[in-house]
Amino acid sequence: MNTGIVEQADQIFVVLKGAVVSHLPTILQPLVSAIISVIAVVAVFAGLFALTTVFERKGLGRMQNRLGPNRVGPFGFFQPAADGIKSLTKEDLVPRAADKIVHFLAPVVLVAASFLGYAVLPVGRNMVVTNLDAGVLYFFAAGSMVELGVFMAGWSSHSKYSLLGAMRAVAQMISYEVPLVLASISVIMTAGSLSTVDIVAKQAQYTGTIAHWYVFTPWGFAGFILFMIAATAESNRCPFDLPEGESEIIAGYFIEYSGFKFALFFAGEYLGMLATSALAITLFLGGWSAPFSFLAWVPSWIWFFAKLLTLIFCFIWVRGTLPRLRMDQLMGLAWKFMLPMTILNLFVAAAWRFVPGGLPVRWFVCAAMLVIPFALLSRGLRSEKKLQTRTYRFAE
């Protein structure tokens, strides 16, 4: 295949931005370049959020033997536009006793925190808003603002239900943020860099036809699974959607929100899910690189978004399959299982580098270091489970 055509298809958006910026005065070029990059990221991921809502409704409808949206637009794909119009036209109700300023800022903080993480995620070759030396650290620092937005929403509403939902959500997010970060450290150790661009570049190399994706190693596969479990909990997705437990606390921390503010919370949850999925792709799945060298002709940005859509459908699949956990089960999974396994995975990642012998020997040793403790820990936790017989009493 013509190398020039492949390169042009891969760098088409970079070339277009360069062509626009080159016609401006030199002093304005950095500012306009940054503005174009920000607008592109916001537009693309906001559009992907809208598509995800349709895919999720249709996917869950298929799993539950129903149609899903099929009235608004062709095949129901204009449903997100109808939802947006409805949110904009609904009355914005604020409780009389609420802290009105904090009540207004909470959804803004949450959505802003979700968007900030995209600044360091390379969605293609040479396609990143900013290449920070500490890009992974920045991502987690920006993401920690989500907990602040959630607590602001729960506290400012002056409602016991919203405050209870906020405390649940904050406890859950903090608990699962620890294994989320620890799962990422194994990649940082191996790549020797906190830059997301450098991490992808280390994986965009090939031995024969197979890429050096970290997920192809025992510690990388285990880290990816642990990372995605923690990311599911961080996004309040099923089976970890306890902050929105309708049967217990009605609607969670945003119960007192309506109209467009409620839509912002809804968007923030999905944008956070997309951001953590994109980070998982960057850390473990080679970012924009192809899995095999003979597929490298496909534009890098197509590979990135293909991987992202695959993870989104996995989230939908899990939501349609698993029931919601209890609060004690959720916290126990984080501290009794996820935390020990992520710490163990750090030692396995170090062993992968220093164990002597060829690739089969390293594979066997590192896999054994993960599988045996996993089996023992799982068995131990199951044996500690105490089942109690429920006693039902009727009022007289």
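Everything numeric here is computed off the predicted structure, so don't read it as measured data.
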Same cluster (ILVMFWY, side-chain, under 4.5 Å), I188 and L137: no
Under 3.5 Å donor-acceptor, Q203 side chain and T282 backbone: yes
Residue pair K100 / F104, side-chain heavy-atom distance below 4.5 Å: no
Candidate pair N70 and L67, rule side-chain contact (heavy atoms from CB on, under 4.5 Å), full reasoning: CA-CA 7 Å; N70 63 347; L67 293 176; 3.4 Å; yes
Spacing of S195 atom OG and Y138 atom OH [to the nearest 0.5 Å]: 13.5 Å
Verdict with supporting geometry, F139 and S184, side-chain contact (heavy atoms from CB on, under 4.5 Å): CA-CA 11 Å; F139 183 93; S184 307; over 6 Å; no
N/O donor-acceptor pair under 3.5 Å between K58 side chain and G68 backbone: no
Beyond-backbone contact of Y176 with L333, side-chain heavy atoms, under 4.5 angstrom: yes
Hydrophobic cluster membership, F221 vs V371, 4.5 Å side-chain cutoff: no
Gap separating the CG atom of L285 from the CG atom of L311, nearest 0.5 angstrom: 6.0 Å
E256 side-chain N/O to P95 backbone N/O, donor-acceptor pair under 3.5 Å: no
By side-chain contact (heavy atoms from CB on, under 4.5 Å) - contacts of P373 (at least two apart): L344
Residue pairs fulfilling side chain to side chain donor-acceptor pair (under 3.5 Å) with at least one residue in residues 218-229, sequence neighbours excluded: T217-W219
Between D99 and S156, a side-chain donor and acceptor under 3.5 Å: no
Under 3.5 Å donor-acceptor, T342 side chain and L339 backbone: yes
Pairs involving residues 4-42, ordered by first then second residue, that meet ring-ring contact (aromatic ring centres under 6.0 Å, His included) (sequence neighbours left out): F13-W301
Heavy-atom donor-acceptor pair, S186 side chain to L182 backbone, under 3.5 Å: no
Side chain to side chain contact (heavy atoms under 4.5 Å, CB included) partner of L279, the single match among L283, I281, T276: L283
Residues which pass salt bridge (Lys or Arg N to Asp or Glu O under 4.0 Å) with K261, listed by chain and number, not counting sequence neighbours: D92
F337: partners by ring pair (Phe, Tyr, Trp, His ring centres under 6.0 Å), with sequence neighbours left out: F374
Side-chain donor/acceptor of Q172 to backbone N/O of F240, under 3.5 Å: yes
CZ on F284 to CZ on F224, rounded to 0.5 Å: 8.0 Å
Presence of salt bridge, R57 and D83, under 4.0 angstrom: yes
Nearest-0.5 Å distance, OH of residue Y253 to OG of residue S157: 11.5 Å
Co-membership, hydrophobic cluster, residues V197 and V200, 4.5 Å side-chain: no
F292-F294 aromatic ring centre distance below 6.0 Å: yes
Expected output: side-chain S144 to main-chain A141 donor-acceptor under 3.5 Å: yes
Please report, to 0.1 Å, the donor-acceptor pairs under 3.5 Å made by any side chain of residues 32-40, with sequence neighbours excluded.
from	atom 1	to	atom 2	distance (Å)
S33	OG	K17	NZ	3.1
S37	OG	K17	NZ	3.0
S37	OG	S33	O	3.0

Distance in Å, L51 CG paired with Q79 CD, rounded so as to fall on 0.5 Å steps: 13.0 Å
Where at least one partner belongs to residues 105-133, residue pairs that pass salt bridge (charged side-chain N to carboxylate O under 4.0 Å, His left out), sequence neighbours excluded: D10-R125
Pairwise distance CG(L295) to CD1(I302) - rounded to 0.5 angstrom: 12.0 Å
Exercise: do N236 and E269 side chains pair donor with acceptor under 3.5 Å: no
Side chain to side chain, F45 and L48, heavy atoms closer than 4.5 Å: yes
Co-membership, hydrophobic cluster, residues I372 and I225, 4.5 Å side-chain: no
In one Ile/Leu/Val/Met/Phe/Trp/Tyr side-chain cluster, 4.5 Å: F315, W317: yes
Close side-chain approach of F305 and V44, heavy atoms under 4.5 Å: yes
Partners passing side chain to side chain donor-acceptor pair (under 3.5 Å) against W335 (at least two apart in sequence or in another chain): S175
side-chain contact (heavy atoms from CB on, under 4.5 Å) assessment of T190 paired with R353: CA-CA 8 Å; T190 305; R353 181 180 179 88; 6.0 Å; no
Cation-pi check, R237 onto Y270 ring (under 6.0 Å, within 45° of axis): yes
Partners passing side-chain contact (heavy atoms from CB on, under 4.5 Å) against P25 (at least two apart in sequence or in another chain): I27, L28
Salt bridge (Lys or Arg N to Asp or Glu O under 4.0 Å) partners of R319, counting only residues at least two apart: E56
Throw together a table of side-chain donor-acceptor distances under 3.5 angstrom for residues 113-120, partners on residues two or more places apart or in other chains.
from	atom 1	to	atom 2	distance (Å)
S114	OG	L110	O	3.0
S114	OG	G268	O	3.3
Y118	OH	L271	O	2.7
Y118	OH	A275	N	3.4

Non-neighbouring partners of H158 that pass side-chain contact (heavy atoms from CB on, under 4.5 Å), sequence neighbours left out: A97
Working for side-chain contact (heavy atoms from CB on, under 4.5 Å), residues M127 and W288: CA-CA 10 Å; M127 294 173 64; W288 43 258; over 6 Å; no
Under 3.5 Å side-chain donor-acceptor pair for S289 and W213: yes
Check: F313 ring centroid to F55 ring centroid under 6.0 Å: yes
